[in-house]
Amino acid sequence: MLTERRLRAILTPLNDLSRRLSDTLQAPYRDVFMDLAQDLNPAQKKAVEHVDGPLLILAGAGSGKTRVLTYRIYHLIHRIGLDPYQILAVTFTNKAAREMKERLERLLGPNRTPEWVGTFHALSTRLLRREADHLGFRRDFVIYDSDDQLSLVKKVMKELNISDQRFAPEAVRSHISSAKDQLVLPEAYAGRGNNFFEQHVARIYTAYQEALIRNNAMDFDDLIMRMALGFSETPSVLQRYQERFQYILVDEYQDTNHAQYRWVNQLASRYRNLCVVGDDDQSIYAWRGADIRNILDFEKDYPEADVVRLEQNYRSTRSILAVGNAIIKNNRGRKGKELWTENSDGDKIVLMETIDERDEARAIARKIRAEQASGGRPLRDFTILYRTNAQSRALEDEFRRTVMPYVIVGGLRFYERKEVKDILAYLKIVANPRDSISFRRMVNTPPRGLGDVSVDRIENFALAQEIDLIEALLRASESGVTPAAARTAIGLGQLLAGLHERLDMATSAEIARRLVEETRYLHDLEMEAARSEEAESRAQNIKELLAAIEEHAEHAPEAGLLGFLEEAALIADVDRWDERADRVTLMTLHNAKGLEFPVVFIAGMEDGLFPIARAMESQTALEEERRLFYVGITRAQHKLFLSHANLRRRFGGAMAGLRSRFADEIPGEYLDQESTVRRTSGWGADTRLARRHEDADESPDPPSPHGRFAAGQRVKHPIWGVGRILQVAGSGDDVRATIQFGNVTKKVMVRYAALEKLPS
DNA sequence: CTCTCGCCTGTTTTT
DNA sequence: CAGGCGAGAG
């Protein structure tokens with residue numbers, strides 16, 4: 001009998017072959033190969049061949065969603081005969097957009113591939129620039145990232161005399177951000193019954209928005225909000241795009257926020273050919289304003305909608321999928337579906353107990369080596385996922401120590417590094433001399449004698465004279481700064497003005513090179529590089545940035561400097577990730593969304609870390625964490641490892657590692673438990689797994705440590721080695737011992753520290 | 001006025 | 001353990 005798996009084993013190489021052939025074949029033959037390669041199940045076929053009217057595709061993890069979307073577009077253009085011009089496709093990441101475009105180009109050829117495929121932010125930026133005249137703002141705005149947003153919030157708060165001690169600027173920033181996600185403008189925000197904090201936010205929001213306009217800048221949220229509002233306020237613009245984009249596709253619809261919802265639904269309201277794809281079980285961005293109701297209520301918004309459910313999973317082994325299903329079942333408020341697969345059972349999921357985060361890293365590295373040896377897998381098959389970026393450090397240390405090639409996706413993004421942002425600030429001010437945030441950043445970097453006071457004066461002068469900031473630098477002697485400062489300012493102004501004038505003639509690469517040279521930024525760093533490793537890597541980053549600009553200038557010369565800056569602002573780290581390099585990949589669970597990997601490790605399976613402490617207080621937050629776990633599990637194709645540590649160092653101190661409640665939701669039949677912890681002697685060793693949760697009665701509470709550990713006792717700690725207890729304090733779960741290790745004293749939570757008793 | 005040094009604080013996830 | 005911020009010296 002031909003099993004699905006065998007069939008797939010035959011079809012997969014055929015798929016590749018047909019892809020290569022389709023580039024060279026004439027259309028009718030291409031079709032023949034397409035049909036062979038398609039290998040679509042009935043639900044997928046239905047979704048692909050649906051043409052007119054709204055369509056909701058509920059696509060479970062690994063159900064061939066990308067393929068369905070791609071073939072659907074192919075079908076619309078190639079079989080139905082639509083003009084690619086009429087199609088708009090919105091994806092969640094640039095990477096997804098690029099992949100879709102590449103696949104379509106292979107199927108349809110570059111000339112017949114739709115051009116409007118991208119993320120909400122990228123597409124919106126494009127629309128805003130095109131329609132700037134009609135919408136009433138300038139075309140050459142720059143984009144502020146959350147860093148810039150925060151700087152601007154601080155600046156505005158200072159101007160309004162609102163102390164940043166009373167109101168955390170970061171909290172203000174995030175409130176403004178979510179107001180924008182809801183399409184709530186400052187006036188409306190001020191009008192609704194607010195608490196004390198929000199009344200202040202309202203004032204800041206108003207001034208913040210004015211400052212953005214003054215700076216000729218838009219923040220991330222503006223990009224969506226201004227276009228969504230632009231559509232409703234400017235019917236002529238809306239109509240034009242409604243007529244143009246008669247067929248709209250939206251990926252990851254469960255992660256859209258209200259502003260994005262309005263953005264899409266206004267465009268689609270004319271022809272109602274809106275196809276949305278999503279999975280309510282994979283909604284993990286509620287904290288960013290994503291509204292799961294958008295997908296849950298799609299059938300209310302479009303009563304005539306067809307609904308297709310893709311429930312067959314092609315990605316994971318049966319065991320992995322069973323675990324995923326068992327986990328997500330614990331959530332309420334879901335549409336409800338159960339994925340199934342014809343794949344083989346595969347191995348059980350492995351849960352590893354480890355001593356601390358270093359031991360965890362060691363255990364993971366060991367597993368990778370073992371898998372490599374037994375399964376002959378390349379390093380690129382392995383991916384480690386974690387909840388917080390900070391967790392990458394221990395892993396990184398271990399991999400560096402044992403020389404295992406790795407790559408971290410996310411964390412400090414390339415374009416967010418200090419030195420890179422410094423150079424970008426120069427470029428931004430050249431592109432847009434009204435950008436006061438970038439101005440402040442670059443004007444005294446590297447230090448050139450223009451401190452806060454002088455910069456304030458120059459800025460105020462610009463404001464009073466209604467001139468831009470480069471102009472203000474040139475006329476600094478009129479601004480009231482000291483003669484020395486004025487001289488420096490004028491010199492800087494001349495450099496910037498010269499580059500600004502050449503904006504249309506010079507390439508962005510030329511401008512960047514000149515800036516780096518004249519400011520001696522790279523030069524200074526290279527001088528320092530001999531002494532400091534950090535300076536060396538920063539110099540390296542600047543060179544990498546120059547190379548990126550160079551590449552961009554060559555690849556998309558028409559985009560210019562603004563185009564490059566836009567890309568730098570909107571590109572995510574996953575977008576830069578090269579999955580072909582033979583390295584272990586490390587990333588957060590959030591970043592892993594939409595990706596798949598042969599072998600997945602999920603590290604840090606501890607309460608308080610995953611689920612994160614703050615999510616343990618509310619049911620909805622906990623359910624979002626669980627969905628995140630579900631996303632992590634369903635990334636794995638062949639093997640899945642989970643690990644937790646009994647002790648985890650976090651900001652200086654150590655934290656008790658209590659195995660995650662999610663781990664307890666995994667049915668035992670799919671689970672293999674391993675431990676690197678030797679159970680020798682001492683209280684800590686045999687009660688380590690005691691639980692604090694509902695099921696605590698399965699493993700009774702440990703005896704009070706007072707009887708076992710007392711001052712003077714010699715102990716061995718898994719991390720700090722041998723020491724002597726100075727003091728024992730606290731009771732119940734919260735017993736802390738002060739222990740002297742050599743000449744350092746540490747406080748440890750006795751219950752979880754895996755202390756070993758030593759004879760005195 | 002500007003710069004540098006050292007203290008303090010605070011870590012969820014990101015387009 | 002880093003980066004932001006305030007205080008004192010040049």
Side-chain angles (χ1 to χ4, degrees), chain A residues 90-97 118-125 143-147 149-151 154 164-165 168-170 174 177 180-181 218-225 252 255-257 259-260 283-290 385-394 397 409-413 415-418 444-457 480-485 488 534 566-575 587-593 604 608-616 621 624-625 627-629 631-632 648-653 655:
Chain A
V90 191
T91 60
F92 193 69
T93 62
N94 291 298
K95 186 173 160 38
T119 62
F120 272 106
H121 295 268
L123 294 171
S124 217
T125 307
I143 298 169
Y144 278 0
D145 64 16
S146 7
D147 234 42
Q149 274 182 54
L150 188 63
S151 306
K154 284 181 186 163
D164 57 3
Q165 298 301 314
E170 177 50 41
S174 85
S177 191
K180 291 184 175 185
D181 289 344
M218 296 206 196
D219 63 23
F220 281 152
D221 311 302
D222 272 349
L223 295 176
I224 312 293
M225 178 181 77
E252 309 277 13
D255 283 323
T256 50
N257 61 34
Q260 291 164 331
S283 157
I284 54 173
Y285 284 105
W287 53 273
R288 198 168 86 183
L385 305 178
Y386 37 77
R387 181 68 233 281
T388 67
N389 283 307
Q391 285 168 258
S392 69
R393 173 162 257 122
D397 287 347
V409 178
L412 236 205
R413 268 186 235 112
Y415 288 110
E416 279 173 7
R417 296 201 171 120
K418 185 190 169 306
N444 200 33
T445 317
R448 52 167 69 88
L450 292 173
D452 277 347
V453 178
S454 300
V455 177
D456 278 345
R457 285 183 188 159
V481 298
T482 62
T488 312
E534 196 206 322
E566 196 174 298
E567 201 177 292
L570 297 180
I571 205 147
D573 224 47
V574 243
D575 300 330
M587 65 174 88
T588 62
L589 287 146
H590 282 88
N591 261 322
K593 169 118 181 233
L609 187 60
F610 192 27
I612 201 98
R614 287 177 66 167
M616 294 178 7
E624 177 149 316
E625 292 289 299
R627 288 193 293 269
L628 189 57
F629 186 36
V631 167
R648 190 170 292 272
R649 265 160 296 228
R650 265 174 110 187
F651 29 48
M655 212 186 79

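Each chain gets a letter, A, B and so on, in the order the sequences are listed, and its residues count up from 1.
If you check B:dT12, B:dT2, B:dT15 against the side chain of A:Val453, the one that comes closest is B:dT2. In this structure, of B:dC3, B:dT12, B:dT15, it is B:dC3 that holds the atom nearest to the side chain of A:Pro447. In the set B:dC1, B:dT12, B:dT15, B:dT15 carries the atom at the smallest distance from any side-chain atom of A:Thr119. When distances are taken from the side chain of A:Arg387 to each of B:dT12, B:dC1, B:dT14, the shortest belongs to B:dT12.
A:Arg457 has a side-chain polar atom (N or O) that falls below the 4.0 Å cut-off from OP1 or OP2 of B:dC1. For the pair A:Thr93 and B:dT15, the criterion of a side-chain N or O lying under 4.0 Å from OP1 or OP2 is not met. Note on A:Lys418: every side-chain N or O is 4.0 Å or more away from OP1 and OP2 of C:dA2. Using a 4.0 Å cut-off, no side-chain N or O of A:Asn389 falls inside it from OP1 or OP2 of B:dT12. Neither OP1 nor OP2 of B:dT15 sits under 4.0 Å from any side-chain N or O of A:Asn257. Checking the phosphate oxygens (OP1, OP2) of C:dA2, a side-chain nitrogen or oxygen of A:Arg393 falls inside 4.0 Å.
Distance, A:Tyr386 OH to B:dT14 C1': 14 Å, rounded to whole Å. Summarising the geometry, the separation between CG on A:Leu150 and P on C:dG3 is reported as 15 Å, rounded to the nearest angstrom. Following rounding to the nearest Å, A:Ile571 (CD1) and B:dT15 (P) show an atom-to-atom distance of 10 Å. At whole-Å resolution of the value, CG in A:Asp452 and P in B:dT2 are 7 Å apart. We find that CZ of A:Arg288 is positioned 5 Å from C1' of B:dT14, with the value rounded to whole Å. We find that CZ of A:Arg417 is positioned 11 Å from P of C:dG3, with the value rounded to whole Å. Note: CD1 (A:Ile612) to P (B:dT13) measures 7 Å, nearest angstrom. Straight-line distance from the CG atom of A:Asn94 to the P atom of B:dT15: 9 Å, rounded to whole Å.
In this structure, A:Ala592 and A:Leu385 approach most closely via the heavy-atom pair CB-CD2, 3.6 Å. Nearest heavy atom pair, residue A:Thr119 against residue A:Val90, reads C-CG1, 4.1 Å. Across A:Arg387 and A:Leu628, no two heavy atoms sit closer than the pair NE-CD2, 3.3 Å.
Closest-nucleotide positions on DNA chain B for A:Thr482 and A:Glu624 were compared, and the one nearer the 5' end corresponds to A:Thr482. Residue A:Leu450 is the one, among A:Leu628 and A:Leu450, whose nearest nucleotide of DNA chain B lies closer to the 5' end (criterion: closest heavy atom).
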Legend entry - side chain to side chain contact (heavy atoms under 4.5 Å, CB included) between A:Glu252 and A:Thr91, worked out: CA-CA 7 Å; A:Glu252 309 277 13; A:Thr91 60; over 6 Å; no
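Here A:Tyr285 does not lie in a stacked arrangement on the base of B:dT14, lacking the combination of planes under 30° and ring centres under 5.5 Å apart.
Looking at heavy-atom distances under 4.0 Å, A:Lys154 makes contact with sugar-phosphate atoms alone, never a base. A:Ser454 comes within 4.0 angstrom of sugar-phosphate atoms only, judged by non-hydrogen atoms across all strands, and of no base. Across all strands shown, A:Asn444 has heavy atoms under 4.0 Å from sugar-phosphate atoms exclusively, and none from any base. At the heavy-atom level, A:Arg627 lies nowhere under 4.0 Å from the strands shown. Across all strands shown, A:Asp221 has no heavy atoms under 4.0 Å from either base or sugar-phosphate atoms.
Judged purely by atom type and a 3.5 angstrom limit, A:Asp219 has no side-chain atom pairing as donor or acceptor with the backbone of A:Asp145.
No side-chain heavy atom of A:His121 sits less than 4.5 Å from a side-chain heavy atom of A:Ile143.
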